[in-house]
Amino acid sequence: MSKPQRFSNFRMLLNQPALLLTILFIFAILIIFIILPLINVFRLGFTGPDGGFSAETFVKMVSDPGYQKTFWNTMKLGGLVACISTFVGYIFAFAITRTEMPGKRFFRGIATLPIISPPFVLSLSIIFLFGRMGLITNKLLNIDSFDVYGLGSLVAVQSVSFFPVAFLTLTGILESIDDSVEDAAYNIGASRWHIFRTVTLPLSLPGIGSAMLLVFIQSLEDFSNPAVIAGSYSTLSVEAYRVITGMYDMQGGTILAIVLLLPTLTAFAVQRYWISKKSFVTVTGKPTQKRRKLHEKHIVWPLFGACSLVSAAVIMLYGTVLAGAFVKTWGVNNTFTLEHFKYVFSMGWDPVKNSIILAAVSAPISGLLGMAIAYLIVRQKFFGKKLMEFSSILTFAIPGTVLGIGYIFTFNHEPLLLTGTAVILVAAFTFRNMPVGIEAGTTTLLQIDRSIEEASTISGAGAGTTFRRVTLPLLRQAFFSGLVYSFVKAMTAVSAIIFLISPKWNLSTARIFALFESSQYSGAAAYIVIMIAIILAAIALINLLVNLLFKPKYLKRATAK
């Protein structure tokens with residue numbers, strides 16, 4: 001941007017003080033709640049005994065063979081899960097978008113179920129099914145010495161947990177491929193397999209690469225599953241937690257968090273600024289006739305069988321947790337009981353209530369802030385816009401463990417003393433979950449003609465009024481997505497809040513983790529079932545409220561003038 005353009009944009013902002021204050025306010029909170037905690041993490045990791053800069057402890061820890069093994073364990077896990085999840089996600093995405101397979105709505109629902117479910121669900125299911133008192137190992141196969149803990153179970157659990165991330169990414173890329181490209185190859189005699197290998201697969205390579213990197217990041221950041229099911233297979237996220245809480249070595253845990261942060265940031269940068277910019281999709285710009293999707297039985301039915309097999313596994317895993325919540329002690333005393341639910345609603349309700357309150361507070365803040373930032377990035381011109389865009393989505397690549405440690409050091413003293421309060425938890429939820437709303441809002445705004453908003457501006461409305469009465473109603477679906485994601489992730493967060501909870505503000509996920517540590521699995525299952533019911537009810541309520549509050553009536557008024 002040239003100097004005259006910068007000066008012109010600055011003068012424009014001076015003429016709109018509300019817009020200028022909004023930009024300054026957003027920069028301030030991004031610095032306080034994202035940049036500053038991240039700086040403090042690095043500052044602590046490279047501080048010597050005398051309080052000055054020193055890399056001695058960092059070098060000592062990264063040179064330790066035990067921690068090096070933990071690092072490579074984490075990378076190995078992430079690589080395996082990324083490959084498996086992307087493969088399964090591609091099968092689902094291809095079957096749903098490119099074929100006439102029956103039951104698409106059902107399979108789409110199965111493919112998104114793990115996204116809205118609480119943590120520990122699948123790990124608990126694996127224990128119920130394959131543990132020493134497991135339904136399959138002990139009851140059906142009469143094996144009582146099977147070790148369910150380790151890399152194999154962890155790969156299986158994470159693959160099921162994260163294949164929806166790959167599915168959603170690949171669905172978009174496969175839907176954008178023009179059918180006429182494949183039809184042209186088919187009309188000249190190419191087989192379906194040849195077309196897939198030479199046309200469809202190459203065109204979807206950007207989506208495959210992006211999906212693998214996103215799943216890789218999710219696997220590296222995951223705390224709940226390794227904490228429960230990894231056994232002796234150590235990972236960085238859990239090891240950082242154990243070093244801090246078990247060995248009381250705050251600097252050591254911070255250094256492990258930094259080591260975890262580096263590959264996640266690298267993968268995020270590659271995904272966002274390289275692969276996502278590459279596209280091999282051919283779009284003619286001309287209207288095309290809607291063509292019949294793949295319908296050959298030898299293609300449709302194998303895909304249907306594969307999707308059905310994965311769906312059956314997902315249903316079995318979730319059904320097992322549901323059943324486990326209604327028995328006294330799984331595998332020992334399977335008598336039907338409601339005592340676990342009675343305990344949750346009587347003695348253990350406070351953590352659930354706290355989770356609902358904090359999620360209900362943080363979700364609208366995260367949603368509105370995400371839409372506002374998306375609007376500024378897409379529709380406004382100002383100095384530092386790239387910095388705002390990068391810093392606002394940075395938390396997607398920051399593991400929750402790193403964010404939690406950063407918040408401890410940043411908000412543990414005046415003038416930002418927030419430790420032990422609800423405010424620090426709301427802030428963690430808001431800025432941790434905001435990037436999804438920003439991405440959804442940005443994508444939607446790029447598809448909306450500027451002339452709609454210009455009509456409001458010509459009528460005399462300022463930037464704030466136009467955003468509130470015209471742009472926001474048009475962003476209703478993106479706003480809904482941001483709200484749902486923020487609420488669900490706030491309800492199910494573990495790693496970001498494990499260091500931030502207090503006796504007054506204990507949360508349901510922390511309570512479930514405590515039950516796992518004391519092997520009270522049926523009690524944990526009851527908590528999980530209740531959380532799933534709350535999340536489903538909240539999604540329905542959010543959908544209703546968004547439809548009521550953001551009807552496009554303001555759009556009609558603005559465009560009618």
Side-chain angles (χ1 to χ4, degrees), residues 33-45 58 61-62 67 70-79 81-82 85 119-120 154 157-158 161-162 165 213-228 230 233-245 250-272 390-410 424-425 427-436 485 489-490 492-501 509-510 513:
F33 292 103
I34 297 178
I35 304 299
L36 189 57
L38 196 57
I39 291 174
N40 285 334
V41 167
F42 281 93
R43 184 170 62 86
L44 177 66
F58 183 87
M61 289 200 67
V62 298
Y67 292 130
T70 299
F71 174 81
W72 291 115
N73 280 352
T74 307
M75 297 302 107
K76 179 181 179 181
L77 173 64
V81 172
S85 295
F120 310 111
L154 191 53
V157 167
Q158 284 196 347
S161 298
F162 301 138
V165 176
L213 287 169
L214 289 174
V215 173
F216 181 74
I217 293 171
Q218 295 288 311
S219 175
L220 264 58
E221 294 180 350
D222 186 26
F223 172 85
S224 57
N225 290 312
V228 171
Y233 191 87
S234 60
T235 61
L236 284 172
S237 60
V238 177
E239 196 64 26
Y241 169 77
R242 288 174 178 168
V243 168
I244 291 174
T245 59
M250 191 65 74
Q251 187 180 31
T254 303
I255 290 173
L256 291 178
I258 293 173
V259 174
L260 175 61
L261 177 63
L262 297 178
T264 60
L265 280 178
T266 302
F268 176 72
V270 172
Q271 186 274 333
R272 182 165 183 84
F390 176 76
S391 59
S392 62
I393 62 173
L394 187 60
T395 51
F396 182 83
I398 298 177
T401 306
V402 177
L403 190 67
I405 293 172
Y407 272 38
I408 289 176
F409 293 108
T410 304
I424 193 172
L425 291 166
F429 292 149
T430 298
F431 292 96
R432 174 77 168 150
N433 303 326
M434 187 176 63
V436 169
Y485 181 87
K489 290 302 180 182
T492 60
V494 182
S495 58
I497 56 92
I498 200 70
F499 300 110
L500 305 178
I501 57 173
T509 49
F513 183 48

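Only this structure's heavy atoms are used, side chains among them; waters, hydrogens and symmetry mates stay out.
- In plain terms, the two heavy atoms of Gly78 and Ser219 that are nearest each other are CA-OG, 3.4 Å.
- For Ser161, there are no side chain to side chain donor-acceptor pair (under 3.5 Å) partners two or more places apart in sequence or in a different chain.
- Phe409 is listed as a side-chain neighbour of Met250, based on a closest heavy-atom distance under 4.5 Å.
- Interatomic distance, Ile34 CD1 to Ser391 OG, rounded to the nearest 0.5 Å: 6.0 Å.
- Of the possible polar contacts, none joining the Ser85 side chain to the Val215 backbone as a donor-acceptor pair under 3.5 Å is found.
- Applying the salt bridge (Lys or Arg N to Asp or Glu O under 4.0 Å) test to pairs two or more places apart or on separate chains, none has a residue in residues 392-401.
- In plain terms, the two heavy atoms of Pro226 and Thr235 that are nearest each other are CB-OG1, 3.4 Å.
- The side chain to side chain contact (heavy atoms under 4.5 Å, CB included) check on Phe33 picks up Ile29, Tyr407, Phe411, Leu418, Ala427, Phe431, with sequence neighbours excluded.
- Note that CZ of Phe223 and OG1 of Thr509 are 10.0 Å apart. Values are rounded to the nearest 0.5 Å.
- Between the side chain of Thr264 and the backbone N or O of Ala397 there is at least one donor-acceptor pair closer than 3.5 Å.
- Glu221 meets the side chain to side chain donor-acceptor pair (under 3.5 Å) test with Arg432; sequence neighbours excluded.
- The ring-ring contact (aromatic ring centres under 6.0 Å, His included) check on Phe58 picks up Phe46, with sequence neighbours excluded.
- The shortest distance between side-chain heavy atoms of Met434 and Phe396 does not fall below 4.5 Å.
- Asn73 is linked by a side chain to side chain donor-acceptor pair (under 3.5 Å) to nothing, counting only residues two or more places apart in sequence or in another chain.
- Within the 4.5 Å cutoff, side-chain heavy atoms of Phe42 are placed close to those of Leu261.
- Under the side chain to side chain contact (heavy atoms under 4.5 Å, CB included) criterion, Phe390 pairs with Tyr273, Leu394, sequence neighbours left out.
- Annotation: the span from Phe429 atom CZ to Leu425 atom CG amounts to 5.5 Å, rounded to 0.5 Å.
- The minimum heavy-atom distance linking Ala257 with Ala240 is given by the pair N-CB, 4.3 Å.
- For the pairing with Ile258, the side chain to side chain contact (heavy atoms under 4.5 Å, CB included) check across Val62, Leu38, Val41 returns one residue only, Val41.
- Looking at heavy atoms from C-beta onward, Ser237 lies out of side-chain contact with Asp222 at the 4.5 angstrom threshold.
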Identify each donor-acceptor pair in which a side-chain atom of residues 399-406 lies under 3.5 Å from a protein atom, sequence neighbours left out, and give them as a table.
none

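- With hydrogens and angles disregarded, no donor-acceptor distance shorter than 3.5 Å links the side chain of Thr74 to the backbone of Leu220.
- Rounded to the nearest 0.5 Å, atoms CD1 (Ile39) and CG (Leu44) are 14.0 Å apart.
- With sequence neighbours left out, the side chain to side chain contact (heavy atoms under 4.5 Å, CB included) criterion links Val243 to Tyr67, Glu239, Met247, Asp249, Leu256.
- Taking CD1 of Ile217 as the start and OG1 of Thr266 as the end, the distance is 9.5 Å to the nearest 0.5 Å.
- When all heavy atoms are compared, the tightest approach of Pro263 to Phe216 is O-CE2, 4.5 Å.
- The side chain to side chain donor-acceptor pair (under 3.5 Å) check on Thr254 picks up nothing, with sequence neighbours excluded.
- You'll find the side chain of Thr245 reaches within 4.5 Å of the side chain of Phe499, heavy atoms only.
- Residues Phe120 and Ser224 come closest through the heavy atom pair CE2-CB, 3.5 Å.
- The distance from the CG atom of Leu213 to the CD atom of Gln218 is 12.0 Å, given to the nearest 0.5 Å.
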